[in-house]
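Worksheet for the structure shown next.
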2 protein chains.
Amino acid sequence: MRASDRAYGSLRADILEWRLPPGTLLAEVEQARRLGISRTPLREALSRLVAEGLAAAHTGRGVVVTGVSLAGVADLFEVRLPLECAAARLAAARRDPAAFDALAERFEAAGALISSGGSDQHAYYALVAELDAAIDEAAANPYLVQAQRQLRTHLVRARRLARDNPDRLLASAGEHRQIAQAVARGNPELAAAAVTIHLSNSLHHLQASVPGPLDA
Amino acid sequence: MRASDRAYGSLRADILEWRLPPGTLLAEVEQARRLGISRTPLREALSRLVAEGLAAAHTGRGVVVTGVSLAGVADLFEVRLPLECAAARLAAARRDPAAFDALAERFEAAGALISSGGSDQHAYYALVAELDAAIDEAAANPYLVQAQRQLRTHLVRARRLARDNPDRLLASAGEHRQIAQAVARGNPELAAAAVTIHLSNSLHHLQASVPGPLDA
DNA sequence: AAGCGGACTTCTGTATACAAAGCAGCCTGA
DNA sequence: TCAGGCTGCTTTGTATACAGAAGTCCGCTT
C-alpha cells in the first residue's frame with residue numbers, strides 16, 4: 001500500500017472522529033513527521049482531503065480542518081434527501097429481495113436490542129453503513145455512489161454535533177427497517193417515502209439536540 | 001498561480017475538448033515535459049483528475065483518460081434529474097426574480113437567433129452555463145454546487161457523443177426559457193417540472209443520435 | 001513451435017534539497 | 001505614540017535524485 005494512501009486514511013479517520021477537531025492546522029512538516037513519511041505523499045493526502053471538503057487551504061498558512069455548522073447540516077440534508085430518495089428508488093427497482101429482507105430483520109433485532117438497553121452504538125452505525133452499501137450496490141450507479149460518498153463523509157462528522165439517545169436510536173432502527181422492507185418489496189415510491197421520513201426525523205433530531213452552532 | 005493549477009486546468013480542458021481522447025495514456029514524464037513543469041506538480045494535477053473521474057489510475061502503467069459510454073450517460077442523468085430538480089426548487093424559493101427574468105428573455109432571443117440560422121453553438125452553451133450558475137447561486141448550497149459541478153464535468157464530455165442539430169437547439173432554448181421563467185416566478189414545483197422535461201428530452205436526444213457506444 | 005522463466009527497461013512512488021512567497025516581529029522615523 | 005517598512009523566519013511550492021515494482025521482451029526449454 002502506498003504511503004500517501006495510508007496518510008490519507010489516517011488523517012481522514014482522525015478528522016472524522018474529531019481527534020483532529022475543526023480549526024486544527026495541518027502543517028506539512030509536522031504531520032509528515034507524525035505519520036513517519038516525507039512531505040511528498042503527505043501533500044497528496046492533504047490535497048485529497050481538501051478536494052473532499054474536509055480541509056481548506058489557507059494560502060501561505062497550510063490547510064486547516066474545516067468546521068461543521070448547524071447551517072451546514074441543513075444544507076447537507078437538502079442534498080441528501082433527493083439523492084437518497086433517488087438511490088432508494090433505483091435500489092427498489094433493481095434489488096435482490098433476499099438481501100434486503102435479511103437487512104430488515106437485522107434492524108428489527110437491533111431495535112429489540114436497543115430497547116432492552118444492550119445497544120452498542122458503534123455496531124448500530126455499522127449496520128446502517130451496511131444498508132447504505134447494499135442500496136448503493138443495488139442502485140448500480142457509479143455517479144450516485146460517488147455523490148453519496150461525499151455527503152456521507154460530512155454526515156459522519158455532523159453526527160458528533162448531536163448526542164444520540166436510546167429513544168432516537170430505537171426510532172431510527174424502525175425507520176431503517178421500513179426502508180429495507182420497502183426496497184425488498186420492490187416499491188420505489190414506498191422506499192422514497194421511507195427515506196423521506198427517516199431523513200426528516202434525523203435532521204429534526206440533530207437540530208433539536210444541538211445546543212449552539214459551532215464555527216467554521 | 002501555481003504550476004500544478006495550470007497543469008490541472010490545461011489537462012482538464014484537453015480532456016473535456018477531446019484533444020486527449022478516452023484511452024490516452026498520461027505518462028508522468030511525457031506530460032511534465034509537454035507542459036514544461038516537473039513531475040511533482042504534474043502528479044498533483046493527475047490526482048485531481050483521477051478524483052474527478054476524468055482519468056483512472058492503472059497500477060504500474062500510469063493514468064489513462066476515462067471513456068464515455070452511452071450506459072454511463074444514462075447513469076449520469078439518473079443522478080442529474082433529482083439533483084437539478086432539487087437545485088431548481090431551492091432556486092425558485094430563494095431567487096432574485098429580476099435575474100431570472102433577464103435570463104428567460106435571453107433564451108427567447110437565443111431561440112429566435114437559432115431559428116434564423118445565425119446561431120453560435122459555443123455562445124449558446126455559455127448561456128446555458130450562465131443559467132446553471134445563476135441557479136447554483138440562488139440555491140446557495142455548497143454541497144449541491146459541488147455535486148453538480150462533478151456531474152456537469154462529465155456532461156460536457158457526453159455532449160460530444162451527440163451531434164446537436166438546430167432543431168434540438170431550438171427546443172432546448174425553449175425548455176431553458178421555461179426553467180428560467182418558473183424560477184423567476186418562484187414556483188418550485190413548476191421549476192422542477194420544467195427541469196424534468198428538459199432533462200428527459202436532452203437524454204432522449206442523446207440516446208437517439210448516438211450511432212454506437214464508445215468503449216471505456 | 002509454443003510456453004515459461006529471467007533479466008532488462010521503464011515507469012511510478014518516495015525522499016530530500018532548493019527556491020520563493022507570506023507573515024510576524026521589530027525598528028525607525030515622523 | 002503610532003505608522004510604515006524592513007529583516008528574518010517559517011511555510012509552502014518545485015525540482016531532482018533514488019529506490020522499488022511492474023511490464024515486456026528475449027532466450028531457453030520442452
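Side chains included, hydrogens not; waters and symmetry mates left out as well; all remaining heavy atoms used. Since the model is a prediction, treat every value here as computed from it, not as a measurement.
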Let me know, please, whether B:Glu28 or A:Thr59 comes out on the 5' side of the other along DNA chain C by nearest nucleotide.
B:Glu28
Salt bridge check, B:Glu17 against B:Arg160: does any charged N sit closer than 4.0 Å to a carboxylate O?
no
With salt bridge (charged side-chain N to carboxylate O under 4.0 Å, His left out) as the criterion, how do B:Arg152 and B:Glu84 come out once you've worked through the C-alpha distance, each side chain's angles and the decisive distance to 0.1 Å?
CA-CA 11 Å; B:Arg152 285 177 189 149; B:Glu84 296 269 9; 3.7 Å; yes
Distance check needed: D:dG23 P versus B:Leu25 CG, whole Å only.
13 Å
Within the 3.5 Å criterion, strictly below it, is a donor on B:Arg149 or B:Gln146 matched to an acceptor on the partner's side chain?
no
Residues in salt bridge (charged side-chain N to carboxylate O under 4.0 Å, His left out) with A:Arg48, at least two apart?
A:Asp5
What is the separation between atom CE on A:Met1 and atom P on D:dA21, rounded to the nearest whole Å?
16 Å
Need to verify one output field. Residue with the more 5' nearest nucleotide on DNA chain D, A:Thr40 or A:Arg61?
A:Arg61
In whole angstroms, the gap separating C1' of D:dT14 from CG of B:Asp5 amounts to 13 Å
Charged N to carboxylate O under 4.0 angstrom, B:Glu78 versus A:Arg94?
yes
I want to check one thing: is the phosphate of D:dT12, taken as OP1 and OP2, less than 4.0 Å away from some side-chain N or O of B:Arg2?
no
Nucleotide range of DNA chain C lying under 4.0 Å from chain B heavy atoms
C:dT12 to C:dT14
B:Glu52/B:Arg157 salt bridge by N-O under 4.0 Å criterion:
no
5' precedence on DNA chain C between A:Gly36 and B:Val29 (nearest-nucleotide basis)
B:Val29
